[in-house]
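These notes are about the structure you will find just below.
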Amino acid sequence: MKTGLMKNFIKFIISLFAVSVFFSCASTSVDLTSYKKTALVSVYGNSMIPWYSNSMKGSDEPEYTEGIISGAINRAVNEADPEVNLAEQRVVHAALILEEVLKTKGINILTPSSAPDCSIYTKDTYKEKKLASKYSGRGYKILDSLSKKYRTELVNKNGCDSMLFTNFKFEKIQKSRKVFLRVTLSAKVTDMEGSVIFRNKYTATSDEGVEMDRASRYDHDELCSLSDSTVLKAINLFMESSESQTLVLEKLDLSKADEEAVIDEATKAKIEAARAMLKDGVAPEQIAKWQNLPLELVQELAQE
């Protein structure tokens with residue numbers, strides 16, 4: 001690793017925690033890193049951004065619902081609204097961010113990009129759900145469970161021994177005279193028999209809000225621009241809630257430590273993921289947010 005890049009990296013690594021990833025629910029816990037491979041079965045989200053509550057009393061904005069018929073009508077009527085027409089993009093980005101975070105944590109995952117011919121990603125299932133106000137992203141289906149047939153294929157053909165189902169709910173909420181984005185990640189882990197071993201929800205609110213004028217109008221594009229960072233916050237809550245051990249790297253004497261030894265495998269994975277995303281044309285600023293890396297470090301990677 002280049003000297004300049006190493007110096008920036010060391011500054012960054014001092015502030016990090018090396019964590020082992022454990023997921024717990026009541027008396028049950030599961031270490032996903034101990035499984036051979038986890039199938040990321042589903043990543044999907046709602047197709048509009050409804051109000052979280054009735055805090056917008058007097059607003060002319062419609063209260064969107066998740067029904068099949070009403071959802072189709074709302075999409076047709078509001079198709080020019082970025083909160084509607086950027087729905088698929090929101091979920092595609094959420095899937096990408098989730099994949100990268102899981103890989104960063106050292107979890108071996110099966111995805112549509114790693115197994116494009118796997119039936120859970122190719123079979124046209126649950127057609128009725130596709131009519132409702134939901135979108136999937138990056139080759140995932142809208143699934144909340146799998147039959148024995150598909151579980152068997154995951155075991156025999158793909159070497160999986162656990163499954164992860166996720167969905168994102170995008171909502172907006174008013175605080176004072178600002179509108180904030182609210183993202184709820186629902187995560188469920190099952191074993192290969194289909195038994196649920198973990199289930200929880202994680203809600204994050206955008207750090208910034210969009211100004212609302214006296215007529216209760218606001219910039220819908222600006223609200224949608226808060227999606228990626230808020231999705232990452234929700235995913236980080238998912239990751240943080242699973243931490244059972246931490247090692248504060250500030251306690252290390254870096255002057256005596258081998259620089260290469262300071263770099264844990266998870267952070268190496270972040271750098272490799274950043275390099276791959278740079279090759280795909282992702283902006284350094286976006287990569288820095290997704291990977292929680294210093295922008296200066298990502299910019300140096302881009303110059304390699």
Side-chain angles (χ1 to χ4, degrees), residues 40-56 59-99 101 112 120-121 124-145 164-175 179-188 199-210 218-238 290:
L40 182 51
V41 178
S42 61
V43 182
Y44 68 89
N46 51 328
S47 65
M48 289 170 281
I49 306 180
W51 290 102
Y52 169 62
S53 67
N54 294 324
S55 59
M56 281 294 297
S59 170
D60 292 330
E61 290 225 12
E63 286 285 344
Y64 298 143
T65 64
E66 294 293 319
I68 294 176
I69 297 178
S70 58
I73 293 174
N74 282 327
R75 289 196 299 275
V77 172
N78 301 283
E79 61 181 354
D81 187 343
E83 294 181 14
V84 175
N85 59 42
L86 294 180
E88 186 172 7
Q89 177 181 302
R90 284 194 296 272
V91 179
V92 168
H93 285 194
L96 175 60
I97 297 170
L98 179 60
E99 288 176 8
V101 171
I120 65 169
Y121 303 131
D124 190 15
T125 55
Y126 288 73
K127 292 183 179 180
E128 69 278 9
K129 286 192 174 183
K130 292 185 177 181
L131 298 175
S133 300
K134 295 181 176 67
Y135 276 104
S136 56
R138 287 180 59 80
Y140 295 99
K141 301 295 183 182
I142 300 173
L143 295 168
D144 297 309
S145 62
L164 174 59
F165 300 81
T166 66
N167 69 78
F168 292 86
K169 186 174 184 179
F170 297 89
E171 298 169 300
K172 53 194 173 187
I173 184 170
Q174 180 188 357
K175 296 180 181 180
V179 181
F180 292 80
L181 188 65
R182 185 178 191 271
V183 176
T184 299
L185 164 61
S186 297
K188 180 176 74 173
R199 189 202 307 266
N200 211 342
K201 292 185 178 182
Y202 304 89
T203 299
T205 303
S206 58
D207 292 329
E208 300 176 358
V210 181
Y218 62 94
D219 189 325
H220 290 217
D221 283 297
E222 187 177 350
L223 181 70
C224 291
S225 71
L226 303 173
S227 175
D228 289 351
S229 59
T230 312
V231 163
L232 181 58
K233 283 183 67 177
I235 294 173
N236 282 340
L237 289 174
F238 177 31
W290 288 355

Which heavy-atom pair separates [X] from [Y] by the least distance, and what is that distance?
{"X": "Lys134", "Y": "Ile142", "value": "CB-CD1, 3.8 Å"}
{"X": "Val84", "Y": "Met48", "value": "CG2-CG, 3.6 Å"}
{"X": "Glu171", "Y": "Leu181", "value": "O-CD1, 3.3 Å"}
{"X": "Ala204", "Y": "Ala234", "value": "CB-N, 3.6 Å"}
{"X": "Gly137", "Y": "Ala95", "value": "O-CB, 4.2 Å"}

side-chain contact (heavy atoms from CB on, under 4.5 Å) between Ile235 and Phe168, worked out: CA-CA 10 Å; Ile235 294 173; Phe168 292 86; 4.1 Å; yes
Sub-4.5 Å side-chain heavy-atom contact between [X] and [Y]:
{"X": "Tyr218", "Y": "Lys172", "answer": "yes"}
{"X": "Arg182", "Y": "Lys169", "answer": "no"}
{"X": "Leu98", "Y": "Val43", "answer": "yes"}
{"X": "Cys224", "Y": "Glu83", "answer": "yes"}
{"X": "Val210", "Y": "Leu226", "answer": "yes"}
{"X": "Asn236", "Y": "Phe238", "answer": "no"}

Which distance, rounded to the nearest 0.5 Å, do you find between the [atom1] of [X] and the [atom2] of [Y]?
{"X": "Tyr202", "Y": "Leu237", "atom1": "OH", "atom2": "CG", "answer": "8.5 Å"}
{"X": "Thr230", "Y": "Leu185", "atom1": "OG1", "atom2": "CG", "answer": "13.0 Å"}
{"X": "Leu40", "Y": "Glu99", "atom1": "CG", "atom2": "CD", "answer": "6.5 Å"}
{"X": "Ile49", "Y": "Asp81", "atom1": "CD1", "atom2": "CG", "answer": "8.0 Å"}
{"X": "Ser227", "Y": "Ile97", "atom1": "OG", "atom2": "CD1", "answer": "7.0 Å"}
{"X": "Ser225", "Y": "Glu208", "atom1": "OG", "atom2": "CD", "answer": "8.0 Å"}

Side-chain H-bond candidate by donor/acceptor type, Thr184 with Thr203, under 3.5 Å: yes
Does [X] use its side chain to pair, donor to acceptor, with the backbone of [Y] at less than 3.5 Å?
{"X": "Thr166", "Y": "Ser42", "answer": "yes"}
{"X": "Lys233", "Y": "Thr205", "answer": "yes"}
{"X": "Asn167", "Y": "Tyr44", "answer": "no"}
{"X": "Ser136", "Y": "Lys141", "answer": "no"}

Plane angle bin for Tyr140 and Tyr121 - parallel if under 30°, tilted between 30 and 60°, otherwise perpendicular: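 Ring orientation of Tyr121 relative to Tyr140: perpendicular.
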Salt bridge (Lys or Arg N to Asp or Glu O under 4.0 Å) between Arg90 and Glu88, intermediate numbers included: CA-CA 5 Å; Arg90 284 194 296 272; Glu88 186 172 7; over 6 Å; no
Lys NZ or Arg CZ of Lys175 over Phe180 ring: under 6.0 Å, within 45°: yes
